[in-house]
Amino acid sequence: MLKWIGACLAASACVTLGFALASSLHARARALGEALRALRLLSRRISALSEPMRDALEALEGESPFLDKVLSAMREMPSIAWELALKNTRELNAQDAAVVLRIVAESGGAGRADQQGIYDAGLAQLGERERAARDKAANDARLCRTLGLIAAAVVLLLAI
């Protein structure tokens, strides 16, 4: 009887671990989605109202956690605000951060007419990265859940 209780507990732990790991795999895709949404908001604000970036960020305060990180960093260290915000978004990898930084750097040096094209191209690239991250997370999550269930089955079979 005690053997079966231990086996059930171990099997439950395997399943729980597999599902918990699967859930955590979606963090990068969620962070990319948030960065994409934030940059879309910023792009619309800048192009529609011809506002400087700092004014647009202040106007969008509270609309996006990602932009709030940028604005907070801008108040402390304006020259490296975007780098700090991206560093504090740990889920994004170096290539994701480079895409965001490129969008911001190129749009900052462009005229109003060119900014929308720069944002559109950068947002399309960031959107592709988000879709790829979501697909990879879904496949990896399915694998983790399956491995958790298989490990639980193995534990129960060994208890027999």
Side-chain angles (χ1 to χ4, degrees), residues 12-149 151-152:
S12 297
C14 290
V15 170
T16 302
L17 183 62
F19 278 79
L21 186 58
S23 176
S24 71
L25 292 173
H26 294 279
R28 178 172 171 254
R30 281 191 298 269
L32 277 166
E34 174 54 33
L36 190 59
R37 184 174 105 48
L39 287 171
R40 280 188 183 129
L41 286 171
L42 188 63
S43 166
R44 286 185 196 131
R45 184 85 189 191
I46 289 172
S47 64
L49 301 175
S50 298
E51 285 185 321
M53 186 176 293
R54 185 179 188 97
D55 293 346
L57 284 169
E58 288 174 356
L60 291 170
E61 188 171 12
E63 294 288 323
S64 162
F66 181 75
L67 291 179
D68 289 345
K69 287 179 188 179
V70 174
L71 187 58
S72 174
M74 194 169 277
R75 290 178 179 144
E76 295 173 20
M77 301 184 79
S79 62
I80 58 169
W82 286 92
E83 290 90 343
L84 288 175
L86 288 164
K87 190 174 185 180
N88 288 334
T89 307
R90 292 179 185 89
E91 296 88 4
L92 297 178
N93 64 29
Q95 292 86 8
D96 301 334
V99 171
V100 173
L101 289 174
R102 187 181 48 74
I103 294 169
V104 173
E106 287 179 7
S107 68
R112 297 273 181 229
D114 296 330
Q115 278 186 341
Q116 193 59 47
I118 291 168
Y119 273 109
D120 289 344
L123 292 172
Q125 186 179 6
L126 207 56
E128 278 300 313
R129 295 185 69 77
E130 180 199 18
R131 279 187 288 285
R134 284 197 191 287
D135 291 345
K136 182 176 180 343
N139 289 336
D140 291 351
R142 191 172 21 258
L143 176 66
C144 288
R145 287 190 297 270
T146 302
L147 289 175
L149 291 170

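The shown structure was predicted, so the numbers you read here are calculated from the model rather than taken from an experiment.
Taking CZ of R40 as the reference point, atom CG of D120 lies at 9.5 Å (rounded to 0.5 Å). The distance from the CZ atom of R44 to the OH atom of Y119 is 12.5 Å, given to the nearest 0.5 Å. How far CD1 of I118 is from CG of L123: 11.5 Å, rounded to the nearest 0.5 Å. Here the CZ-CG distance, from R142 to L147, works out to 12.5 Å after rounding to the nearest 0.5 Å. Rounded to the nearest 0.5 angstrom, T89 OG1 and K69 NZ are separated by 3.5 Å. Distance CD/E63 to CZ/R45: 9.0 Å, rounded to 0.5 Å.
Closest of all the heavy-atom pairs between E130 and G33 is OE2-CA, 3.3 Å. Nearest heavy atoms, L42 versus A56: CD1-CB, 3.7 Å. Closest of all the heavy-atom pairs between A81 and A73 is O-CB, 3.5 Å. Heavy-atom minimum distance, H26 versus A138: CE1-N, 3.9 Å.
The pair R30-E34 does not meet the salt-bridge criterion, since no charged nitrogen lies less than 4.0 angstrom from a carboxylate oxygen. Electrostatic pairing of D96 and R28 counts as a salt bridge here, judged by a charged N lying under 4.0 Å from a carboxylate O. Of the charged side-chain nitrogens involved, none lies within less than 4.0 Å of a carboxylate oxygen, so that D135 and R131 do not count as a salt-bridged pair.
Inter-residue side-chain proximity for R37 and L32 is flagged as unmet; no heavy-atom pair is nearer than 4.5 Å.
No option in I80, V70, L92 other than L92 meets the side chain to side chain contact (heavy atoms under 4.5 Å, CB included) test with L86.
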Could you please spell out the steps behind the side-chain contact (heavy atoms from CB on, under 4.5 Å) verdict for N139 and R134?
-> CA-CA 9 Å; N139 289 336; R134 284 197 191 287; over 6 Å; no
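Not a single donor-acceptor pair under 3.5 Å links the side chain of D68 to the backbone N or O of E61. A donor-acceptor pair under 3.5 Å is absent between the side-chain atoms of S43 and the main chain of L39, judged by distance alone. S64 places a side-chain N or O within 3.5 Å of a backbone atom of F66 that can act as its donor or acceptor partner.
Contacts of R102 classified as side chain to side chain contact (heavy atoms under 4.5 Å, CB included), with partners at least two apart in sequence or in another chain: V99, E106, Q125.
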